[in-house]
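Scroll down for the structure; my scribbles are underneath it.
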Number of protein chains: 2
Amino acid sequence: MFLSTTINGVDAKGRVSVPAGFRAVVKNDPEEKIYVWPSFEGGYLEGGGQALLDRYLNLLEEMDPYDDARAAFEQTIFGDTRGLAFDGTGRVTLPKDLIEHAGLDSKAAFVGLGSRFEIWNPDRLAERKANARDFARENKKSLRLPPRTGGGA
Amino acid sequence: MFLSTTINGVDAKGRVSVPAGFRAVVKNDPEEKIYVWPSFEGGYLEGGGQALLDRYLNLLEEMDPYDDARAAFEQTIFGDTRGLAFDGTGRVTLPKDLIEHAGLDSKAAFVGLGSRFEIWNPDRLAERKANARDFARENKKSLRLPPRTGGGA
DNA sequence: TTGTTTCCCATGCTGTCCCATGTTATCCCA
DNA sequence: TGGGATAACATGGGACAGCATGGGAAACAA
């Protein structure tokens, strides 16, 4: 499970250390890689392991083959997704276009979100985090825990 | 089940003994860890075991991948959650940012709340406790027993 | 050749592990 | 019921390994 937020340096070659905890998640994937694509919602990157890609694939399989939305999602998500392999010390090299999309300069923030993660310019992240926290606080009542199995109503 | 309140010392490295009773709760989790995040409601920490995290994860999985509310909660909960493993003597190391958020100096109070727990600076906790007691006294009339089923008028 | 990318080696640091010790609670026996 | 032995718990410090980072050499593409 991808957890917590870690800020690592991006060097002149576009290399960045993937947090050790994140590497551990994909450790047993057939291809030891992370998969990253530019978010179509904003200037940041989304990513995950093989399991996440499989889930998206299954979601799309259930849509109508000639649905316009399906084509759009396929194009947007899979079309721009890169599989990034680790070097000997656990780093990946981010392609230029991804770096530009996320507006990364010297630092990159890896944000764990359970089954997936995001990569942000730390400054942009701080902004969005404040918004998300306010939203969460105002809407916390909608985040109710489901009853525990076997537990009373 | 997390029960009762225990105050333990926090040393210069940020290490703190997790109360033995709390450790027993997560004893049989696949990863023997506690998961801790800064509360977005105030200056203290919230935490639980794998079971609690899974409940949040399942709840979010049921929401649409690009629902705004989902994004906000993912970011707020998982983005700041840390998985903390025990050392040989049952301690965890609290990261600096969590220590700061909770304003911990030399002591930390673990407060058991059933399925989850909180970690407080003991001074802040005493303050909140006093407030809660006052609130309870002023609102005691609203604490009514539900009518007994099948009972007479 | 020239620029780009990939691989490898070296280094500082932070977090983790291990060992030692005092204290408290519990259990057993008189 | 009281006292002592024992085990569990909490705490402190030091050693070590893993992690993040920087630079350079070799392989590849244009």
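In what follows, every chain begins at residue 1, and chains take the letters A, B, ... in the order their sequences are listed. What's counted below: heavy atoms across the whole structure, side chains too, no hydrogens, waters or symmetry copies.
- Under the salt bridge (charged side-chain N to carboxylate O under 4.0 Å, His left out) criterion, A/Arg124 pairs with no residue at all, not counting sequence neighbours.
- In this structure, B/Asp134 places its CG atom where more than 12 heavy-atom neighbours from other residues, nucleotides or ligands lie under 6.0 Å away.
- Over its full length, the helix from C/dT1-D/dA30 to C/dA30-D/dT1 turns its helical axis through 40°, comparing axes from the five pairs at each end and rounding to 10°.
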Pairs under 3.5 Å (N/O, protein and nucleotides 28-30 of chain D):
none

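- In terms of the salt bridge (charged side-chain N to carboxylate O under 4.0 Å, His left out) criterion, residue partners of B/Asp11 (sequence neighbours excluded) are, by chain and number, B/Arg15.
- Every residue meeting the side-chain contact (heavy atoms from CB on, under 4.5 Å) condition with B/Ser4, not counting sequence neighbours, appears here in chain and number order: B/Thr6.
- A/Ile7 shares a hydrophobic cluster with no other residue; no ILVMFWY side chain has heavy atoms under 4.5 Å from its own.
- When the P atom of C/dT5 is taken as reference, atom CZ of A/Phe86 falls 20 Å away, rounded to whole Å.
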Would you list the atom pairs, donor with acceptor, under 3.5 Å between side chains in residues 43-58 of chain A and any protein atom, with sequence neighbours excluded?
from    : atom 1 : to       : atom 2 : distance (Å)
A/Tyr44 : OH     : A/Ser39  : OG     : 3.3
A/Glu46 : OE1    : A/Arg116 : NH1    : 3.4
A/Glu46 : OE1    : B/Tyr66  : OH     : 3.3
A/Glu46 : OE2    : A/Ser39  : OG     : 3.2
A/Gln50 : OE1    : A/Tyr35  : OH     : 3.2
A/Gln50 : NE2    : A/Asp54  : OD1    : 3.4
A/Arg55 : NH2    : B/Glu61  : OE1    : 3.4
A/Asn58 : ND2    : A/Asp54  : O      : 3.4

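- Among residues two or more places apart in sequence or in another chain, the salt bridge (charged side-chain N to carboxylate O under 4.0 Å, His left out) test is passed with A/Glu127 by none.
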Taking protein heavy atoms under 4.0 Å as touching, what does nucleotides 8-24 of chain D look like 5' to 3' if B marks base contact, S marks sugar-phosphate-only contact and - marks none?
-SSBBBB----SSBBBB

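- Between the CG atom of A/Leu84 and the C1' atom of C/dT6 there is a distance of 14 Å, rounded to whole Å.
- Listed by chain and residue number, nothing satisfies the salt bridge (charged side-chain N to carboxylate O under 4.0 Å, His left out) test with A/Lys13 (two or more places apart in sequence, or in another chain).
- Contacts of A/Phe117 classified as ring-ring contact (aromatic ring centres under 6.0 Å, His included), with partners at least two apart in sequence or in another chain: A/Phe2, A/Phe22.
- Listed by chain and number, the residues in a side-chain contact (heavy atoms from CB on, under 4.5 Å) with B/Glu100 amount to none (sequence neighbours excluded).
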